[in-house]
Chemist: 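Take a look at this one; I'll ask things after.
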Amino acid sequence: MPTPSRRALLTGTAGLAAASVLPTAAASAASAPSRVALAREEHRTVVIGSGFGGGVAALRLAQAGVPVTVLERGRRWPTGPNAETFPRVSGLDKRALWYGTLPAAIRPLARLIGTPLNFGPYAGLLEPVLGENILAVCAAGVGGGSLVYQGMTLQPSEAVFDTWLPQDLGYRRMSEIHYPRVAAMLRTATAPDELVGSRTYYAARVFAERVRRAGYGLEKIPMPIDWDYALAELRGEMKASYTNGDCALGVNNGGKHSVDATYIREAEATGRVTVETHHNVTSVARAADGRWEVHVDRTDDTGQVLEQKILTTRALIMAAGSLNTSKLLVRAGATGAIPDLPDGIGEGWGTNGDRIYAWTNLQEDFGAEQGGPVVYGSKAWDDPRTANTVIQASLPPLGINSRTTMLVGFGVSADRGRFRYDAATDSVSLHWPLGGDAASHRAIQRRVTGVAKGLGVLTDTNALVNSTWHPLGGAPMGTVCDLEGRVRGQRGLYVLDGALIPGTTGACNPSMTIAAVAERAMDHITATDVDTII
């Protein structure tokens with residue numbers, strides 16, 4: 001893979017030094033026409049978002065006998081052995097981006113993979129959000145981030161968990177009940193040796209050998225994947241998606257136990273859950289009678305507003321992800337739409353210590369196709385204050401240098417950002433401290449350098465465009481919410497997604513902990529709130 005010059009990339013990324021706004025409606029979506037129908041609806045419980053938090057909440061409420069309406073701004077992405085539902089990284093199209101959003105600052109990166117990414121508006125998978133000193137990415141679609149995440153299903157150790165998350169969550173009980181419940185729902189499994197020994201998984205084997213040579217621990221990473229699909233690919237029985245690494249934007253042939261195929265499917269099967277797609281929530285408010293109002297644009301795939309709705313409910317669960325849940329609540333608090341929100345709203349935001357590297361190894365040819373998504377990882381968790389995890393992830397078949405693969409690190413950091421409301425533009429912006437996560441990044445850099453030692457080039461992409469795929473916080477437990485996601489002083493308002501997590505999930509990617517915290521919360525909520533609030 002040709003390594004871009006730092007100067008060339010920074011020329012296009014100078015915008016990271018100035019905050020950009022998170023608009024109050026869908027980014028780049030068409031404006032509502034002057035005459036559009038307005039509907040009013042009453043609902044028992046409304047959940048905004050269908051990712052890990054929303055999926056858990058919908059299923060457990062339905063099992064407790066509560067009717068639930070799930071609002072999802074994106075579309076469904078059904079898969080199957082011969083499906084071409086998701087875009088392929090090797091041939092990107094409008095399905096990749098949420099209404100064509102692409103901050104100008106990252107267009108140089110787009111050009112590197114041979115596409116300007118200037119597609120027309122479409123209800124695509126990924127929304128890049130440019131803030132001050134940070135680019136954060138969130139997903140859209142039924143299943144949320146589980147559609148596009150690589151799938152590492154990691155549980156932090158007790159020491160790391162108790163150092164970075166509230167100890168009152170009760171790690172040991174979560175480890176006995178809630179983490180295993182999530183793993184069972186996602187049907188996690190590690191890659192079989194037969195697959196890892198095949199030709200296209202050479203990069204994984206090289207990573208494993210390099211980790212051992214550096215003296216680090218190594219283990220297989222549990223993944224929410226039916227690996228028989230990948231073995232079937234090797235036998236030529238279905239289109240390649242795992243074995244050629246072309247699964248970064250969703251797995252077309254199936255076999256991935258994402259939230260839409262697990263929690264949401266099981267929730268809908270109860271008959272008590274309705275998932276409304278293409279329902280973009282533009283604002284939330286507390287009505288005079290204490291109930292909750294949710295203002296929605298119902299759109300088509302191009303973003304054209306077909307109908308506007310005001311949904312009223314006595315219980316509102318915010319599960320739109322850290323960026324969008326925070327945006328909605330910060331604006332509601334600043335405008336008075338929800339009076340008396342806790343002072344900490346919009347605070348406590350973190351990047352989960354993400355770091356992504358391109359490793360070009362001139363001593364090894366990884367192959368034009370790299371099996372994925374992830375097989376091995378290396379944990380350094382002995383000191384909870386500097387804990388980090390490093391994994392190798394496949395590059396999709398982009399036709400670039402076959403000697404390049406990806407190394408990814410997750411760390412722990414006390415640095416936090418915040419969201420701010422601008423009354424002049426009626427918008428919310430994300431602010432991250434310059435040099436944030438520096439200590440975490442140094443710890444990861446030392447280990448990644450040890451793995452990549454030798455003839456080659458290690459490119460730290462965060463040094464070019466500081467980014468995170470795992471935004472956390474904005475309505476964190478402790479200051480804004482209690483441990484069960486109840487917003488303090490706001491009866492019937494809950495946060496059950498990444499916004500609830502205070503900036504890090506302890507050297508792990510966040511999915512497992514977000515879901516386990518939501519499972520724990522729903523145990524309490526269904527036991528105590530259903531008859532009195534919900």
Side-chain angles (χ1 to χ4, degrees), residues 50-56 59-60 79 139 143-158 160-161 171-196 201 204 207-208 217-233 241-243 245 247-248 250-251 253-267 352 371-379 381 389-394 408 410 469-470 497-498 501 505-520 522:
S50 62
F52 282 100
V56 170
L59 174 58
R60 303 311 175 198
T79 61
S146 74
L147 295 171
V148 294
Y149 81 141
Q150 294 286 287
M152 286 81 74
T153 308
L154 288 171
Q155 175 183 336
S157 69
E158 183 173 5
V160 175
F161 185 99
Y171 178 86
R172 293 188 182 181
R173 182 170 175 80
M174 287 188 66
S175 187
E176 292 171 358
I177 297 174
H178 302 106
Y179 278 113
R181 188 185 297 168
V182 174
M185 284 293 300
L186 300 180
R187 304 194 290 282
T188 60
T190 57
D193 290 341
E194 177 186 356
L195 183 70
V196 180
Y201 284 81
F207 172 76
L218 180 79
E219 57 191 83
K220 286 185 178 179
I221 301 296
M223 304 286 285
I225 289 172
D226 183 342
W227 291 104
D228 285 343
Y229 279 67
L231 293 172
E233 290 178 25
S241 191
Y242 294 111
T243 55
C247 51
V251 179
N253 63 19
K256 184 180 183 182
H257 308 310
S258 48
V259 170
D260 57 318
T262 54
Y263 281 99
I264 293 294
R265 180 177 295 170
E266 194 167 322
N352 200 50
V374 173
V375 174
Y376 292 110
S378 176
K379 302 172 182 176
W381 294 0
T389 301
V390 174
I391 60 98
Q392 179 268 336
S394 59
V408 180
F410 310 113
W469 288 71
H470 300 126
D497 60 7
I501 307 297
T505 49
C508 299
N509 59 312
S511 56
M512 183 72 152
T513 292
I514 291 173
V517 167
E519 288 278 17
R520 177 192 175 279
M522 292 312 302

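In what follows, residues are counted from 1 in the order of the sequence shown.
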Chemist: Side chains of E519 and V182: closer than 4.5 Å at any heavy-atom pair?
Modeler: yes
Chemist: How many angstroms lie between atom OG1 of T190 and atom CG of L195, to the nearest 0.5 angstrom?
Modeler: 10.5 Å
Chemist: Taking the six-membered ring where the residue is Trp, are the ring centres of F161 and Y171 under 6.0 Å apart?
Modeler: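 Yes, ring centres under 6.0 Å apart.
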Chemist: Kindly give the heavy-atom pair with the smallest separation between V259 and S50, and that separation in Å.
Modeler: CG1-O, 3.5 Å
Chemist: Quick one: closest heavy-atom pair of G53 and A518, and the distance?
Modeler: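 Nearest heavy atoms, G53 then A518: CA-CB, 4.3 Å.
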Chemist: Distance-only, no hydrogens or angles: does the Y201 side chain make a donor-acceptor pair with backbone N or O of G372 under 3.5 Å?
Modeler: yes
Chemist: Which pair of heavy atoms, one from W227 and one from P373, lies closest together, and at what distance?
Modeler: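 Distance-wise, the nearest heavy atoms are CH2-CD, 4.1 Å.
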Chemist: Whether the W381 and T389 side chains hold a donor-acceptor pair (N or O, under 3.5 Å, no angle test) is what I'd like checked.
Modeler: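 Yes.
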Chemist: List the atom of M522, the atom of V56, and the distance in Å for their closest heavy-atom pair.
Modeler: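 Scanning both residues, the minimum pair turns out to be CG-CG1, 4.1 Å.
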Chemist: What heavy-atom pair brings S241 and G250 nearest, and what distance separates the two atoms?
Modeler: OG-O, 4.4 Å
Chemist: Can you name the side chain to side chain contact (heavy atoms under 4.5 Å, CB included) partners of E219, sequence neighbours left out?
Modeler: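 In terms of side chain to side chain contact (heavy atoms under 4.5 Å, CB included), with neighbours along the sequence ignored, E219 is linked to K379.
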Chemist: Taking CZ in R181 as the centre, count heavy atoms belonging to other residues, nucleotides or ligands within less than 6.0 Å. Is the count above 12?
Modeler: yes
Chemist: Describe, in one word, how the ring planes of Y149 and F52 are oriented to each other, choosing from parallel (under 30°), tilted (30 to 60°) and perpendicular (over 60°).
Modeler: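 Plane angle over 60°, so perpendicular.
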Chemist: With a 4.5 Å limit on heavy-atom distance, are the side chains of E158 and S175 in contact?
Modeler: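 A side-chain contact under 4.5 Å is absent here.
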Chemist: Please check: side-chain N/O of E233 versus main-chain N/O of Y242, any donor-acceptor pairing under 3.5 Å?
Modeler: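 Side chain of E233 to backbone of Y242, a donor-acceptor pair under 3.5 Å: yes, one is there.
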Chemist: Please confirm whether the backbone N or O of G217 pairs with a side-chain atom of S378, one donor and one acceptor, at under 3.5 Å?
Modeler: yes
Chemist: Are a donor atom and an acceptor atom from the side chains of D260 and S146 found within less than 3.5 Å of each other?
Modeler: no
Chemist: Indicate every side-chain donor-acceptor pair of residues 506-516 with a distance under 3.5 Å to a residue at least two apart or in another chain.
Modeler:
| unit_1 | atom_1 | unit_2 | atom_2 | d |
| --- | --- | --- | --- | --- |
| N509 | ND2 | M152 | O | 2.5 |
| T513 | OG1 | Y179 | OH | 2.8 |

Chemist: Just how far is it from atom CD of Q150 to atom CD1 of I221, taken to the nearest 0.5 Å?
Modeler: 12.0 Å
Chemist: With a 4.5 Å heavy-atom cut-off, do K256 and Y229 have their side chains touching?
Modeler: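 No, side chains not in contact.
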Chemist: Is the shortest side-chain heavy-atom distance between V375 and F207 below 4.5 Å?
Modeler: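 Of all side-chain heavy-atom pairs linking F207 with V375, none is under 4.5 Å.
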Chemist: Calculate, to the nearest 0.5 Å, the distance between atoms OG1 and CE belonging to T153 and M223 respectively.
Modeler: 7.0 Å
Chemist: Please name the pair of heavy atoms, one in A191 and one in K220, separated by the smallest distance, quoted to 0.1 Å.
Modeler: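 Closest approach of A191 to K220: O-NZ, 2.6 Å.
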